[in-house]
Amino acid sequence: MSKKDWIYFPENNLIFYRVGFPMNFASHSVPQGKSSIYIDISYSRWKPVEKEEILTRTLTDLVRTGILERSDEIEVCDINDIKYAYIIYDKNWNSARKEILSWLRKHKVYCGGRFGAWHYLSMEGCFLEGRNIALELKDV
């Protein structure tokens, strides 16, 4: 499909703005001979998306960009609508985050990733953070 980890698409005529290929940075995340992709689509009240048309439009745009062929067989499709996909920083973010994470750590709750640790991480950063937590817990 692609040798890239992900590709950004700034074009306004595409439904997605990023397509990623997890099997390129985590080869064991898919069965041998298979591929996987994730597609990021943003929307808001200023940029609405017809949710009933997301799958059809996404597949059409993947073919238009050359990522997929019309003849490609898709075995699984899962749509996740994440209301708040990015951390919103405000003047209280840093101190509140430190206090919350410190309290959780004292209670043996280990937080990681964009949503778990409340900070922006790339996909690879999330994998690495999870690995580091696993290594830390290995000795607990």
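- Listed by first and then second residue, the salt bridge (charged side-chain N to carboxylate O under 4.0 Å, His left out) pairs involving residues 115-124 amount to none (not counting sequence neighbours).
- Cluster membership check: L121 does not share its hydrophobic cluster with F115, using side-chain heavy-atom separations under 4.5 Å among Ile, Leu, Val, Met, Phe, Trp and Tyr.
- At distances below 3.5 Å, not a single donor-acceptor pair connects side-chain atoms of N80 with backbone N or O atoms of I82.
- For the pair Y110 and L104, the minimum side-chain heavy-atom distance is 4.5 Å or more.
- Other residues, nucleotides and ligands place more than 12 heavy atoms under 6.0 Å from the CG atom of N13.
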Identify every side-chain donor-acceptor pair in residues 14-27 under 3.5 Å, counting partners at least two apart or on other chains, and give the distances.
from, atom 1, to, atom 2, distance (Å)
Y17, OH, Y86, OH, 2.8
R18, NE, D40, OD2, 2.6
R18, NH1, Y8, OH, 3.0
R18, NH2, D40, OD2, 2.4
N24, ND2, S2, O, 2.8
N24, ND2, K4, O, 2.4

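- Separating the SG atom in C77 from the CG atom in L59 is a distance of 6.5 Å, to the nearest 0.5 Å.
- Here the shortest heavy-atom pairing between C126 and G113 reads SG-CA, 3.9 Å.
- L101 and C111 make their closest contact through CD2-CB, 3.7 Å (heavy atoms, listed as atom of the first residue, atom of the second, distance).
- Under the salt bridge (charged side-chain N to carboxylate O under 4.0 Å, His left out) criterion, the residue pairs touching residues 53-67 are R57-D61, D61-R64, with sequence neighbours excluded.
- Every pair passing salt bridge (charged side-chain N to carboxylate O under 4.0 Å, His left out) that includes a residue from residues 94-107 is listed here, sequence neighbours excluded: R105-E136.
- Atoms OG and CD1, from S35 and I67 in turn, are 12.0 Å apart once rounded to the nearest 0.5 Å.
- Residues E129 and R114 form no side-chain contact, since every pair of their non-hydrogen atoms from C-beta on lies 4.5 Å or further apart.
- D81 pairs by the side chain to side chain contact (heavy atoms under 4.5 Å, CB included) definition with Y43, K51, not counting sequence neighbours.
- Annotation: the span from I39 atom CD1 to I41 atom CD1 amounts to 6.5 Å, rounded to 0.5 Å.
- Put simply, the side chain of Y89 does not reach to within 4.5 Å of the side chain of N94, judged on heavy atoms.
- A single hydrophobic cluster is seen to contain both W103 and W118, as judged by linkage of ILVMFWY side chains at heavy-atom distances under 4.5 Å, directly or through other members.
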Steps toward side chain to side chain contact (heavy atoms under 4.5 Å, CB included) verdict (L62, D72): CA-CA 11 Å; L62 288 169; D72 285 339; over 6 Å; no
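- Atom NZ of K138 sits in a sparse spot, with 12 or fewer heavy atoms from other residues, nucleotides or ligands closer than 6.0 Å.
- Under a hydrophobic-cluster definition in which Ile, Leu, Val, Met, Phe, Trp and Tyr are linked whenever side-chain heavy atoms come within less than 4.5 Å, directly or via other members, Y120 and W93 are assigned to the same cluster.
- In this view, E75 and K34 satisfy the salt bridge (Lys or Arg N to Asp or Glu O under 4.0 Å) rule, not counting sequence neighbours.
- I79 places none of its side-chain heavy atoms less than 4.5 Å from the side chain of T58.
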Worked verdict on K47 versus V49 for side chain to side chain contact (heavy atoms under 4.5 Å, CB included): CA-CA 7 Å; K47 184 188 172 206; V49 171; 5.5 Å; no
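- In this structure, I100 CD1 and S95 OG are separated by 9.0 Å, a value rounded to the nearest 0.5 Å.
- Note that OH of Y38 and CH2 of W6 are 6.5 Å apart. Values are rounded to the nearest 0.5 Å.
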